[in-house]
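Order of the sequence lines sets the chain letters (A, B, ...), proteins ahead of strands, with each chain counted from 1. The structure presented is a predicted model; accordingly, all values stated were derived computationally and were not measured.
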Protein chains: 2
Amino acid sequence: MKNLIEDFKNFIKKKGLKYTSEREEVLREILEVEDHFDVDTLYFRLKNKNSKISKASIYRTLPLLIEAGYIQEVYKQAGHSYYEVTFNKLPHLHFICISCGRVDEVMDPRLNQLIKEHEQEKNYKLLSYHLEIFGICSNCKEALK
Amino acid sequence: MKNLIEDFKNFIKKKGLKYTSEREEVLREILEVEDHFDVDTLYFRLKNKNSKISKASIYRTLPLLIEAGYIQEVYKQAGHSYYEVTFNKLPHLHFICISCGRVDEVMDPRLNQLIKEHEQEKNYKLLSYHLEIFGICSNCKEALK
DNA sequence: CTATATGCAAAACCTTTGCACGATA
DNA sequence: TATCGTGCAAAGGTTTTGCATATAG
C-alpha cells in the first residue's frame, strides 16, 4: 500500500508535476473502493470524509491514474464512465445486465492469452482492454417469464 | 438487400409503428457505410444526398435498428458513440490506437466460443458484446522512437 | 518566487425531449 | 381522421475549461 502511494508520487514527479493532497486523496480512495466506480462515487465518498476536493480535480486526476496504470475505464452507461482498479487485477470480462444494470466480473485466462497473441501478431503495444457482454441475467430472465 | 429492407419494414409494422421515409433513409445509409460510424457521419452523408433528415430522427432511429439486430454500439470515444453493422458479421474484436485513433477489426472464432460458454454457465441471455483493446499501433510505435 | 493545481462557475459536448406541424395507415 | 413521426430548439447530463486564487517546489 505504502509502495503504491510512493510509486504514484514518483510517477507524478517524474512528469514534472506537483504532488498535491488532492491527488493523493483520489489515489487513496480508489484503492479503497471495491468494484467499479464513477466520478460521483469518488466525489461523495471523499465529501463524506470531509474532503474539500472538487469534481474538477477528480476529473483531472483520473487520466493521471490511468496513465500510471492504476485504473482503467471499463464501460460507459447512462452517459457516464465507470472505472475500476486494474492494479494487480487478473484479466476478466464484464457481463452487464441491460435490465437491472447488474455487472458480473468473470475471470478467464484464455482471454488474456488470446489478446496477447493478437498483440504480437499485429505488433501493437497493448495498454488496456475490456470485454463487455450485454445481456439479460438469470434473475431478470425469470422475472420476464 | 431488398430483403433487408423488407425485413425492417415488417419489423416496424409488427411493433405497430409507422414505416417512414426517414427510417428507410437511415437503414439504407447504414447498409452503405463501411466500418464504424457515429451519428454525425450518418447525418452529413445523408445531407450530402440532399436528405432533409434531422439528427433527432437519426437518434430516434438507431435504437430501432439495434433492436432489429442490424447494428450494434461498439465503443465510445471522445464523448460519443460509434456503431457498426452487425448483420451477417462474424464475431470480432477492436484494436484501437490511442495515438492515431485507428481501429483494427480482428476476427477470432475462439472469442465467440469463450463468450458462449460463459453465457451458458451463468444462464444469461446474450444480446451483444464487444471486446476493445487499447494500445499503440505499429505505425505510431515507430513514430515515437 | 515561479510554475502548476485547485475550485468555482460557465462552457462545451453529445443526446434527449416538448411541442407544433406533417405524414402514415 | 387518429395516431405516430418529424424538425426545431431548448433542456439535460456529464465532462472540460477559463480564470482568479492557492500551493508546491
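- Minimum atom distance to the side chain of B:Tyr59 is reached by C:dC14, of the listed D:dC8, C:dC14, D:dG5.
- B:Lys52 comes within 4.0 angstrom of sugar-phosphate atoms only, judged by non-hydrogen atoms across all strands, and of no base.
- Mapping A:Ile12 and B:Lys9 onto DNA chain C by nearest heavy atom places A:Ile12 closer to the 5' end of the strand.
- With respect to the salt-bridge test (charged N to carboxylate O, under 4.0 angstrom), the residues B:Lys15 and B:Glu67 qualify.
- Computed from coordinates, the A:Leu42 CG to D:dT14 C1' distance equals 15 Å when rounded to whole Å.
- Within the 4.0 Å cut-off from OP1 or OP2 of C:dT6, not a single side-chain nitrogen or oxygen of A:Ser54 is found.
- For A:Lys18 against C:dA3, a side-chain N or O and a base N or O form a donor-acceptor pair under 3.5 Å.
- Side-chain N/O atoms of A:Ser81 include none lying less than 4.0 angstrom from OP1 or OP2 on D:dT14.
- Ring orientation note: the planes of A:Tyr82 and A:His80 are tilted relative to one another, at an angle of 30° to 60°.
- Regarding contacts with the backbone of C:dA23, every side-chain N or O of B:Thr20 stays at 4.0 angstrom or more from both OP1 and OP2.
- Taking atom NZ of residue B:Lys15 and atom C1' of nucleotide C:dT24, one finds them 18 Å apart after rounding to whole Å.
- A straight line from CD of B:Glu73 to C1' of C:dC14 spans 12 Å, rounded to a whole angstrom.
- Ion pairing of B:Arg28 with B:Glu24 is present here, as a side-chain N (NZ or NE/NH1/NH2) and a carboxylate O approach within less than 4.0 Å.
- With salt bridges taken as basic N to acidic carboxylate O contacts below 4.0 Å, none links B:Lys49 and B:Glu25.
- Taking atom CD on B:Glu25 and atom P on C:dT24, their separation rounds to 12 Å, with Å as the unit.
- Taking atom NZ of residue B:Lys55 and atom P of nucleotide D:dA11, one finds them 19 Å apart after rounding to whole Å.
- If you check every strand for non-hydrogen atoms under 4.0 Å, A:Arg23 touches sugar and phosphate atoms only.
- Residue-level contact check: A:Lys13 touches the backbone only, with heavy atoms under 4.0 Å from sugar-phosphate atoms and none from bases.
- You'll find that the side chain of B:Arg60 is closest to D:dT6, out of D:dG5, D:dT6, D:dG25.
- The aromatic rings of A:His36 and A:His94 sit perpendicular to each other, their planes meeting at more than 60°, with 30° as the lower class boundary.
- Position along DNA chain C of the nearest nucleotide to B:Val39 versus B:Ser21 favours B:Val39 as the more 5'-ward residue.
- Relative orientation of the A:Phe8 and A:Tyr70 rings is perpendicular, given thresholds of 30° and 60° on the angle between their planes.
- Closest contact between the side chain of B:Ile53 and the listed nucleotides C:dG7, D:dG7, C:dA25 involves D:dG7.
- Taking the nucleotide of DNA chain D with the nearest heavy atom to each of B:Gly16 and B:Tyr43, the more 5' of the two is matched to B:Gly16.
- Nearest to the side chain of B:His80, among C:dT17, C:dC14, C:dA5, sits C:dC14.
- For the pair A:Ile58 CD1 and D:dT16 P, the interatomic distance rounds to 13 Å; values are reported in whole Å.
- Whole-Å rounding puts the A:Leu62 CG to C:dT6 C1' distance at 15 Å.
- What separates CD of A:Glu24 from P of D:dT23 is a distance of 17 Å, to the nearest Å.
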